[in-house]
Amino acid sequence: MKQYDIIIIGAGPGGLTAGIYAGRQGTKNLIIDRDLAGGLGREVPEMENYPGFNNISGLELIEKMKEQAIKNTELHEMEEVTKITQTNEKYKFTITTTKDQYQAKTIILATGSSHKHLNTKGEEEFKGKGVSYCATCDGFFFRGRNIIMVGGGNSALQEALYLKNLGANVTLVHRRDEFRAQKHLQDMIEKEEIPTILNATVEEIKGNMMVESVILKNTINGNLKEIPVNGVFISIGYDPHTELAEQLGVNLDETGHIIIDKEQKTNIDYVYAIGDVCVGLKQWIVACGEGAVAATSAYHELK
Ligand code: NAP
């Protein structure tokens, strides 16, 4: 069985940064991701708050980070970790994947999160047929078409701006009377004259082969209104991926995120966690910072 000092599970911004730092420490490291490197970071249309770049897409930054990470750290993409067991030996963990088995002295969980669903009627049926969770991936198909973007956070507003810029006729639909997103993004929505429907929830997504309309419910008076649309983009937050953490007995908080200390340690010895799967600010740069801290802490613990 192949043996490593540090195995990083997940190759999003945090996992890749942990790989960059671990690689430079001279330890033997492996990053494993069930998909292509980047995670949801690949979907970010553009970032204006990552230091060093006025504007850069998630995909472009991921490619740069990946190039840097694989200089010193092994990276396995499209390989899913299915099981982690603890041993009493020097290599404390046995990691089983869809392709192989490995042993590691320490583990960094960088397993990220996935898009939350509305769980509304028609959502599952029309997924890929007008319902999308990724503006960057699917926005192109909706140029000149009428779509709604559901959500009131930074992601929803940022993606609505991106879709408008692509040439889609986008309307924002939010369940409350004010957005959660940063003021700067709200100002941009106003400046771009993107229509908004507040105090509204999506009751049903309707269509035949493709989405044709949505039924919105006014949360104040309960009135229902059907509006014709070609697409429904949903951006209402994320659910953390904690299945592997739970296998190990890692403690989660009441929202289901991993609890970590200042060194990114979990309650289980030699298990660290970083990025969106953890409690804390969901920002690209935070995940990267946590990756640097975890790799450095793991190195010191191994010495
Ligand atoms: P978020 O901040 O959690 O916002 C989710 C939005 O969806 C909220 O407006 C929420 O409404 C709404 N929502 C949640 N469940 C819903 C439901 N069942 N039906 C209808 N609406 C629902 O999620 P996010 O925008 O995806 O952002 C995730 C994290 O990434 C945040 O910490 C965010 O700050 C960060 N982020 C930062 C940037 C940036 O810095 N530029 C960009 C993107 C994301 P309520 O407001 O009523 O709760």
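The structure presented is a predicted model; accordingly, all values stated were derived computationally and were not measured. Counting convention: from 1, in listed order, for ligands and their atoms alike.
The side chain of Q283, and not its backbone, has at least one atom closer than 4.0 Å to an atom of ligand 1 (non-hydrogen atoms only; side chain from C-beta on). Neither the backbone nor the side chain of V44 has a heavy atom within less than 4.0 Å of ligand 1. Of the heavy atoms in Y238, only side-chain atoms (C-beta onward) come closer than 4.0 Å to ligand 1. Counting heavy atoms under 4.0 Å from ligand 1, residue Q158 touches it through the side chain alone.
With respect to atom 32 (O) of ligand 1, the closest heavy atom belonging to the protein is K282 CB, 3.6 Å. Protein heavy atom at the shortest distance from atom 10 (C) of ligand 1 is R175 NH2, 3.8 Å.
Within the listing of ligand 1, atoms 5 (C), 23 (O), 26 (O) sit less than 4.0 angstrom from a heavy atom of G237. Less than 4.0 angstrom separates some heavy atom of R176 from each of these atoms of ligand 1: 45 (P), 46 (O), 47 (O).
Within the structure, ligand 1 lacks E48 among the residues with a heavy atom less than 4.0 angstrom away. Within the 4.0 Å heavy-atom shell around ligand 1 one finds Q182. At least one heavy atom of N49 sits less than 4.0 Å from an atom of ligand 1.
Under 4.0 Å is where a charged nitrogen must lie from a carboxylate oxygen, and between K129 and E212 no such pair does. Residues D5 and K105 are paired through a salt bridge, judged by an N-O separation under 4.0 Å between the basic side chain and the carboxylate.
For CG of N54, the number of neighbouring non-hydrogen atoms (other residues, nucleotides, ligands) closer than 6.0 Å is 12 at most. Around the CZ atom of F140, the shell of radius 6.0 Å holds no more than 12 heavy atoms that belong to other residues, nucleotides or ligands.
Considering backbone and side-chain atoms together, G153 places an N or O closer than 3.5 Å to an N or O of ligand 1.
Among S155, A200, G280, the residue whose heavy atom lies closest to atom 24 (P) of ligand 1 is S155.
A cation-pi arrangement is absent between K265 and Y272 under the rule of less than 6.0 angstrom and at most 45 degrees off the ring axis.
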